[in-house]
Amino acid sequence: MNYDFKNTELKWQQKWEDAGVFHAVDGSEKKKFYALVEFPYPSGAGMHVGHIKAYSGLEVVSRKRRMEGYNVLFPIGFDAYGLPTENYAIKTGIHPRKVTDMNIEKFSSQLKRVGFSFDWNRVIDTTEEGYYKWTQWIFLKMFENGLAFRDKTLVNYCPSCKVVLSNEDSQGGKCDICHSDIVQKSKDVWYLRITKYADKLLEGLDTVDYLPNVRLQQENWIGKSTGAFVNFSVKDTDETLRIYTTRPDTLFGVTFMVMAPEHPMLDKYKEKIANFAEVEAYRTECAKKTEFERTQLVKEKTGVKLSGFSAINPVNGKEIPIFISDYVMMGYGTGAIMAVPAHDQRDFEFATKFGVDIIEVIKGGDISKEAYAGDGEMVNSDFLNGFTDKKSSIAKMLEVLEAKGIGEAGVQYKMKDWAFNRQRYWGEPIPIVHCEKCGMVAVPYEELPLRLPTVENFEPGTDGESPLAKIEEYVNCTCPKCGGKAKRETDTMPQWAGSSWYFLRYIDPKNDKCFADKDKLAYWGQVDWYNGGMEHVTRHMIYSRFWHKFLYDLGEVPFDEPYAKRTAQGLILGPDGDKMSKSKGNVVDPNDVVDIYGADVLRSYVLFMGDYEKAAPWSQNSLKGCKRFIDRVWNLQEIVTEGDGYSKKLETSFHKTIKKVSEDIENLKYNTAIAALMTLINEIYDAGSVTKAELKTFITLLNPFAPHVTEEINEAQGFGGMLANGEWPTFDEAKCVDDEIEIAVQVNGKIKARIMVATEISQEDAVAKAKENEDVKAAIDGKAVIKELYVKGRLVNIVVK
RNA sequence: GCCGGUGUGGUGGAAUGGUAGACACAGGAGACUUAAAAUCUCCCGGUAGCAAUACCGUACCGGUUCGAGUCCGGUCACCGGCACCA
């Protein structure tokens, strides 16, 4: 009997849709479960099997939860704003709207062919007016609350093309298009003040259940450091040069200071700095370097010593020189550092090259060779000498410094404010108007959405302007405040905007009064389980946690953390072991697999191929193993016999398998769950027959993995109903153990025999029985028994001498 | 450089400190077939042996333990994240 997967799969997909079995019910009496997968970016290339793996994990969990009686929300949508679509539009002249619709169409059909149990009534598209209206709304709330602001930054700029370039497009300091030298140009950009939420984002990690690795990456990204701010006075001025340090214990070792070349104090004192021309030359040199180049470690230190401009070390009143160097960044700390060459390798390299003194203040290293960054006894440090252990006494040390007015405790974060604009067409318009009189004015809420105008030409403008800047009827407007002439902001939001709150919209996707109804938000609450790629755990997840916490502070959402639990799947590599990519030509299209083997085989294979959290190469051969398995499941119908309950032979195996599959699904161990079902089917075939009740249990356990074939068997056998609405099997812990088991017998830890014993055998009986074995007898013959151990259900170990 | 993770057959991978290699792929032998595919049966870490069996074996070196793939210390390799972060 051949299994016709093609027609069967289509048939059940239709039946599920007709019956609406996967629709989440708002406010249902049942317990709720919200499973979230990262919504895809609908690219022209279509989906690859990696997407299928990413969704299959929670697909299995969702199907199991429904059978366990939960009201499950398992939605899908499309994160459709972004560069690839825009670039495709520029190349082909097809409007991004049209391209996006086509791609969404393609992705949807691919997803539907796999039979995912998504709630298709709640699909969202971030580029739809009804959606981005609320993205703009949240932005305006941030603007209103001072979290969205404009500031200057340095960008890679090509003076010839008059275009702002990304780091990727300006490698080696040359423009990718015209190959002329790139310069760093100061530009006004939008920022979201995510740094204000740094501590909340960090503390929130204690209240959620993320994979350890996910948590760690977020902590590193936020990069909190504790230390001190210290004020150095500048000689012959009233100026204070403020620095941040994590090592206030080394203050007596400070022999010079370094300022970032962009430090604003330099311009303020250009009259006083005797060699300002040299400073300017160095700055020009630095401006040519891209951020990428500047952060390369392996280059030699460069810099300029300021003449006529020096500082006073506040701990000992000594005069010390000030340098400028590009190893100090304007973007971290205060843009200036105290240099301690004896105990910081970078300062050491600089001091060695420029011939500055190196003073040891912590014993333990050899400062003639390299800087010593470890702990040790403090020396040459006058009133700080008593503080021997830097970790426990740093707080007390700060008290002393504070009392003397030298500095105070401080905190710094590596995380920077979020640069929130792009000079691109295909993104959410930033709803701000620039008025000559009133400055920046928010577009009134009732005018949202501020629609993205339809244009013919999507090329970015010259001088780093958005394509929108060319559309006069869009740009020119009246100020909502004073009614005078004004110009619209023409930049759009970055790709990360729409995805920062999408999980909230699934809760109430069609609401046009608010982003989501309060009662529905209260009912669905947090996302119970969020799964996605490791590549999104820093930016996307931190950005969305930030937005969510902001909305919580506004009283718009009932929980401060959006995701209760976060896991991540490993990549599917190409058959060659490389990362799948179009350029390498090693991409596997799920449609091809569904055509040849069917959706159930594809679904089973992506979960069976290995540890869900690890990367694994695609293997067309291994796929066949899953095909055989599905066929063998179908063919169980040939050996089905009448009869209720489990047969004597298989009862224990069934209880064990129910337990194993149930637990493995909860622990991302889909591969061993499927393996357990394969083991069970092998046992069934060995037994030669399967009862109806057994078959029903088997197909129910397999249903989350292979829903189509199991529904078909369920129907063919007249079991009634749909498995999608079925009940998850239960097991009896007492029935998970066999009466008799095989245990190993070791002598001095080496296995000598294997014997069958009753499961509940006592230590004495087990040891006695072991000693009856001929091989064991031979091994212990004539030796003194020192110790006898019995590990229940595992082994006997006899230690002899 | 710093912080994580991983290292097991020809391959993907299993193993609460307790029988290493479950499950599957590939390979080999056989059955069925005119033949092939499909299916079914058996074998399948290495060395020696006809075999029973013995010894070796989870990157490498050492330790703890009756017992280590698993725990501890060190080394090497690969992967991921951060990175002149003061």
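All heavy atoms count here, side chains included; hydrogens, waters and symmetry mates do not. Letters A, B, ... mirror the listed sequences (proteins, then strands); counts begin at 1.
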Whole angstrom value for the distance that separates [atom2] of [N] from [atom1] of [X]:
X: A:Lys792; N: B:rG67; atom1: NZ; atom2: P; result: 25 Å
X: A:Gln412; N: B:rC82; atom1: CD; atom2: C1'; result: 17 Å
X: A:Leu573; N: B:rG12; atom1: CG; atom2: P; result: 11 Å
X: A:Arg628; N: B:rC40; atom1: CZ; atom2: C1'; result: 12 Å
X: A:Asp344; N: B:rC2; atom1: CG; atom2: P; result: 14 Å
X: A:Ile751; N: B:rC66; atom1: CD1; atom2: C1'; result: 13 Å
X: A:Phe323; N: B:rA86; atom1: CZ; atom2: C1'; result: 17 Å
X: A:Phe354; N: B:rC84; atom1: CZ; atom2: C1'; result: 14 Å

*Step by step, work out the ring-ring contact (aromatic ring centres under 6.0 Å, His included) result for A:Phe608 and A:Tyr670.*
CA-CA 7 Å; A:Phe608 180 66; A:Tyr670 308 109; over 10 Å; no
_No-hydrogen, no-angle side-chain donor-acceptor test under 3.5 Å, A:Ser225 and A:Tyr244_ = yes
Options [options], nucleotide nearest the side-chain atoms of [X]:
X: A:Met329; options: B:rG18, B:rC84, B:rC23; answer: B:rC84
X: A:Leu216; options: B:rA86, B:rG4, B:rC85; answer: B:rG4
X: A:Phe608; options: B:rC85, B:rG12, B:rA86; answer: B:rG12
X: A:Met678; options: B:rC25, B:rG4, B:rC23; answer: B:rC23
X: A:Ala616; options: B:rG4, B:rC23, B:rG12; answer: B:rG12
X: A:Lys787; options: B:rC66, B:rC84, B:rA86; answer: B:rC66
X: A:Trp221; options: B:rA86, B:rA24, B:rC82; answer: B:rC82
X: A:Arg346; options: B:rC85, B:rA26, B:rG12; answer: B:rC85
X: A:Asn671; options: B:rA14, B:rC23, B:rC40; answer: B:rA14
X: A:Thr672; options: B:rA24, B:rA22, B:rC66; answer: B:rA22

Nearest-Å distance once atom [atom1] is located in both [N] and [M]:
N: B:rA59; M: B:rC82; atom1: C1'; value: 27 Å
N: B:rG4; M: B:rA52; atom1: P; value: 49 Å
N: B:rC71; M: B:rU6; atom1: P; value: 9 Å
N: B:rA86; M: B:rG80; atom1: C1'; value: 26 Å
N: B:rG46; M: B:rU58; atom1: C1'; value: 14 Å
N: B:rA20; M: B:rG67; atom1: C1'; value: 14 Å
N: B:rU64; M: B:rG73; atom1: P; value: 15 Å
N: B:rG18; M: B:rG12; atom1: P; value: 25 Å

With no angle test and no hydrogens, is the base of [N] tied to the side chain of [X] by a donor-acceptor pair under 3.5 Å?
X: A:Lys414; N: B:rC82; answer: no
X: A:Arg754; N: B:rU19; answer: yes
X: A:Asn797; N: B:rC66; answer: yes

[N] pairs with, by Watson-Crick or G-U criteria that keep both distances under 3.5 Å:
N: B:rG73; value: B:rC61
N: B:rA37; value: none
N: B:rG80; value: B:rC3

*Between A:Tyr413 and A:Lys224, is there a cation-pi geometry (under 6.0 Å to ring centre, at most 45° from the normal)?*
no
*Specify whether A:Tyr530 and A:His540 have parallel, tilted or perpendicular ring planes, treating 30° as the upper limit for parallel and 60° as the lower limit for perpendicular.*
perpendicular
Any side-chain N or O of [X] less than 4.0 Å from the OP1 or OP2 oxygen of [N]?
X: A:Lys624; N: B:rC25; result: no
X: A:Lys750; N: B:rA68; result: no
X: A:Arg632; N: B:rU39; result: no
X: A:Lys224; N: B:rC82; result: no
X: A:Asn635; N: B:rU39; result: no
X: A:Thr538; N: B:rG81; result: no

*In plain terms, say whether A:Asp366 and A:Lys369 are close enough for a salt bridge, that is, a side-chain N and a carboxylate O under 4.0 Å apart.*
yes
*Strictly under 6.0 Å, is that where the ring centroids of A:Trp418 and A:Tyr191 end up?*
no
_Aromatic contact between A:Tyr605 and A:Trp618, with the criterion being ring centroids under 6.0 Å apart: yes or no?_
yes
*Closest approach of A:Ile542 and A:Leu201, non-hydrogen atoms and distance?*
CG2-CD1, 3.9 Å
